[in-house]
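Since the model is a prediction, treat every value here as computed from it, not as a measurement. If you read the sequence from its start, that first residue is 1, and numbering goes on from there. Computed from heavy atoms alone, side chains included, the values below leave out hydrogens, waters and symmetry copies.
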Amino acid sequence: MTAIETDLPKIVESQATLTGIVLRAMANTDNPRLAEIMRSLVTHLHDFAREVRLSEAEFDTGIDFLNRIGQATNDSHNEGILMSDALGFSTLICLLNNGDDGATETDAALLGPFWRMNSPRTENGGSIVRCSTPGAALFADITVVDEAGQPIEGVDVDVWQASTVGLYENQDADQAHMNLRGKFTTGADGKITFRSIKPAGYPVPTDGPTGDLLRAQNRHPYRPAHVHLLGFKEGYKTLITQIFVDKDSNLETDVVFGVTRALVGDFQEGQGPAPDGTDGPWYRLEHRLTMKPGEALLPVPPIK
C-alpha cells in the first residue's frame, strides 16, 4: 500500500480520505495490469474532479453525456470511437504504440469508425468503384516494405474510403454494398495497385454527443480527404494507416487530429487520357508503407 493508504480510516471521513479508501478496496486485484490501470484511473479521475471543483449538475451532465455516447452507437455507427477521435485520444494511443513509442513519426494511423471485415477480394489493378460514383479517377500504386526497405510479398491490404459526397457505403443507401472497399495482396515487388476515385474531405457525424461537443467548442467537423489502408501478414505488426490528399485545406485542422507529415500523400494530377484509357480528370498516387516485425492481429470492427 502507498503511504496515503496505511493511515486511512475504516470509513470515509472527508473527500481527502476517499481516494485512498477506494484504492485500498481495489488492492487485491489479481491481474497486475488491471490493478495498475485502475489505480491510475481512479487517482487521476478523483484529482480531475478536485482540480475543476466539479459541481453536482456538471457531474450529472457528464454522466448523461457518457450514456448518450452508448445510446448513439449501433451496427453502422460507433460514437465511442468518434468521441475518442475528436478528443485526440485515439491518435495519442496510436502514437504511444508506434514510432518508437511516439518518439518519431510512423506510418500507423487511426482505424476510424468505418472499417469493415471481409472487404471484397480484388485483383491488383482492379477497381474498388462498385457503382456509379462521381469524382476524378484515382490510380494508386502502394508499396509495402520492411524496415530494411525490402518489399514484402503476401500482405493482405484492405482499402476503404468515403465517396465524394462524404459518406462511406454503409452510411449511404445510394451506394452499392462494399463500394469503395477492397482487399488486395502484395506481389513479389510488395505492390498493390488499384483504381478508385480521388477522395474528398467530409464532416464526421454531428447528430450525436460528439457533434454537441464540437459546436460548444466552436470547432468545425471536417476531416481532410484520405484513403484508409490496413496491412496484415503473419510475422508483422498489423499496419493501420491513412493517406491524406496533400492539398486539402483541412490538413492542419483535422477534427480528429489524425494527420502527421508521414501520412500526407503526393496526389499528382494526370495529363491526357487516364491509364485505363478513359477521359476526364484523373490522379496518380504512389506511396510507400513500412511494416515492422510483430504480432499480426486484426482489430475488432467498430461497425458490423
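- No chain of hydrophobic side-chain contacts below 4.5 Å, direct or via other Ile, Leu, Val, Met, Phe, Trp or Tyr residues, connects Val159 to Phe139.
- Counting only N and O atoms by type, the side chains of Arg121 and Thr185 include a donor and acceptor under 3.5 Å apart.
- Within the 3.5 Å criterion, the main-chain N or O of Thr133 finds no donor-acceptor partner in the side chain of Gln175.
- Between Ala200 and Ala225 the shortest heavy-atom distance is C-CB, 3.4 Å.
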Q: Let me see the working for Asp75 and Asn170 under side chain to side chain contact (heavy atoms under 4.5 Å, CB included), right down to the final yes or no.
A: CA-CA 10 Å; Asp75 286 352; Asn170 66 298; over 6 Å; no
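- Counting heavy atoms from C-beta on, the side chains of Met83 and Leu213 come closer than 4.5 Å.
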Q: Please lay out, stage by stage, how Glu269 and Lys247 fare under the test side chain to side chain contact (heavy atoms under 4.5 Å, CB included).
A: CA-CA 11 Å; Glu269 187 171 6; Lys247 294 181 175 61; over 6 Å; no
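- At least one donor-acceptor pair under 3.5 Å links the side chain of His226 to the backbone N or O of Pro224.
- You'll find the side chain of Asp85 reaches within 4.5 Å of the side chain of Pro113, heavy atoms only.
- Follow the hydrophobic side-chain contacts under 4.5 Å out from Val245 and you never reach Val256; the two are in separate clusters.
- Shown here for Gly258 and Phe244, the closest heavy-atom pair between the two residues is O-CE1, 3.8 Å.
- Aromatic ring pairs are classed by plane angle as parallel below 30°, tilted from 30° to 60° and perpendicular above 60°; the pair Tyr168 and Phe114 is parallel.
- Thr19 contributes no side-chain N or O that, together with a main-chain N or O of His46, makes up a donor-acceptor pair within less than 3.5 Å.
- The two residues Pro302 and Gly112 come nearest to each other via the heavy atoms CG-O, 3.4 Å.
- A donor-acceptor pair is defined here as one N or O able to donate and one able to accept, closer than 3.5 Å; no such pair exists between the side chain of Asp107 and the backbone of Leu289.
- A donor-acceptor pair under 3.5 Å links the side-chain atoms of Thr186 to the main chain of Gly154, judged by distance alone.
- In the hydrophobic clustering of this structure, Leu110 does not group with Leu229; members are Ile, Leu, Val, Met, Phe, Trp, Tyr whose side-chain heavy atoms approach within less than 4.5 Å, directly or through other members.
- Electrostatic pairing of Asp156 and Lys183 does not count as a salt bridge here, judged by no charged N lying under 4.0 Å from a carboxylate O.
- Around CG of Leu297, the count of heavy atoms belonging to other residues, nucleotides or ligands within 6.0 Å exceeds 12.
- Under the 4.5 Å side-chain criterion, counting only non-hydrogen atoms from C-beta, Phe257 is not in contact with Leu92.
- Residues Lys198 and Pro281 fail the side-chain proximity criterion, which asks for heavy atoms closer than 4.5 Å.
- Heavy atoms only, all atoms of each residue included: Ile142 and Ile243 are closest at CD1-CD1, 3.9 Å.
- Residues Asn31 and Thr29 have side chains that never bring a donor and an acceptor to within less than 3.5 angstrom of each other.
- No single ILVMFWY cluster, assembled from side-chain heavy atoms under 4.5 Å apart, contains both Leu239 and Trp160.
- The main-chain N or O of Thr206 is found under 3.5 Å from a side-chain atom of Arg215 such that the two form a donor-acceptor pair.
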Q: Under the side chain to side chain contact (heavy atoms under 4.5 Å, CB included) rule, what do Phe267 and Asp248 come out as? Steps first, then yes or no, please.
A: CA-CA 10 Å; Phe267 287 72; Asp248 193 286; over 6 Å; no
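- Without hydrogens or angle criteria, Arg288 side chain to Val145 main chain gives no donor-acceptor distance under 3.5 Å.
- For the pair Val155 and Tyr236, the minimum side-chain heavy-atom distance is 4.5 Å or more.
- Shown here for Asn98 and Cys94, the closest heavy-atom pair between the two residues is ND2-O, 2.8 Å.
- Remark: Asp189 CG to Ile152 CD1 distance equals 12.5 Å, nearest 0.5 Å.
- A tilted orientation is assigned to the rings of Tyr222 and His220, their planes being inclined by 30° to 60°.
- Panel note: side chain Arg116, backbone Arg181; no donor-acceptor pair is recorded below 3.5 Å.
- No more than 12 heavy-atom neighbours from other residues, nucleotides or ligands sit within 6.0 angstrom of CZ on Phe89.
- Checked by atom type and distance alone, the side chain of Asp141 never pairs as donor or acceptor with a backbone atom of Thr193 at under 3.5 Å.
- Taking a 6.0 Å sphere around CD of Glu252, one finds it holds 12 or fewer heavy atoms contributed by other residues, nucleotides or ligands.
- Between the side chains of Ser163 and Asp172, no donor N or O sits under 3.5 Å from an acceptor N or O.
- Within a 6.0 Å radius of CG in Asn74, other residues, nucleotides and ligands contribute more than 12 heavy atoms.
- Inter-residue side-chain proximity for Asp158 and Phe232 is flagged as unmet; no heavy-atom pair is nearer than 4.5 Å.
- Between Asn124 atom CG and Ile192 atom CD1 the span is 6.5 Å, to the nearest 0.5 Å.
- When atom types are taken as modelled, the side chain of Glu79 and the backbone of Thr210 share a donor-acceptor pair closer than 3.5 angstrom.
- Residues Trp115 and Val300 do not share a hydrophobic cluster, defined by chaining ILVMFWY side chains whose heavy atoms lie under 4.5 Å apart.
- Between atom CD1 of residue Ile81 and atom CD1 of residue Ile69 there is a gap of 11.0 Å, rounded to the nearest 0.5 Å.
- Across every non-hydrogen atom of Pro199 and Leu138, the tightest pair is CD-CD2, 4.2 Å.
- Looking only at side-chain heavy atoms (C-beta outward), Pro293 and Glu147 come within less than 4.5 Å of each other.
- The neighbour count for Gln15 CD, taken as heavy atoms of other residues, nucleotides or ligands under 6.0 Å away, is above 12.
- A donor and an acceptor atom, one from each side chain of Gln171 and Ser76, are nowhere located under 3.5 Å apart.
- The line from CG of Leu41 to CD1 of Ile37 is 9.0 Å long, rounded to the nearest 0.5 Å.
- The pair Glu169-Arg130 fails the salt-bridge criterion, with no side-chain N (NZ, NE, NH1 or NH2) lying under 4.0 Å from an Asp/Glu carboxylate O.
- One finds the CG atom of Asp146 at 8.0 Å from the OG1 atom of Thr290 (value rounded to the nearest 0.5 Å).
- Enclosure of atom CZ in Arg50 by more than 12 non-hydrogen atoms of other residues, nucleotides or ligands within 6.0 angstrom is indicated.
- Ion pairing between a basic and an acidic side chain is recognised when a charged N comes within 4.0 Å of a carboxylate O; Glu36 and Arg33 show such pairing.
- Expressed to the nearest 0.5 Å, how far CG of Asp246 lies from CG of Leu263 amounts to 13.0 Å.
- Ser196 places none of its side-chain heavy atoms less than 4.5 Å from the side chain of Val227.
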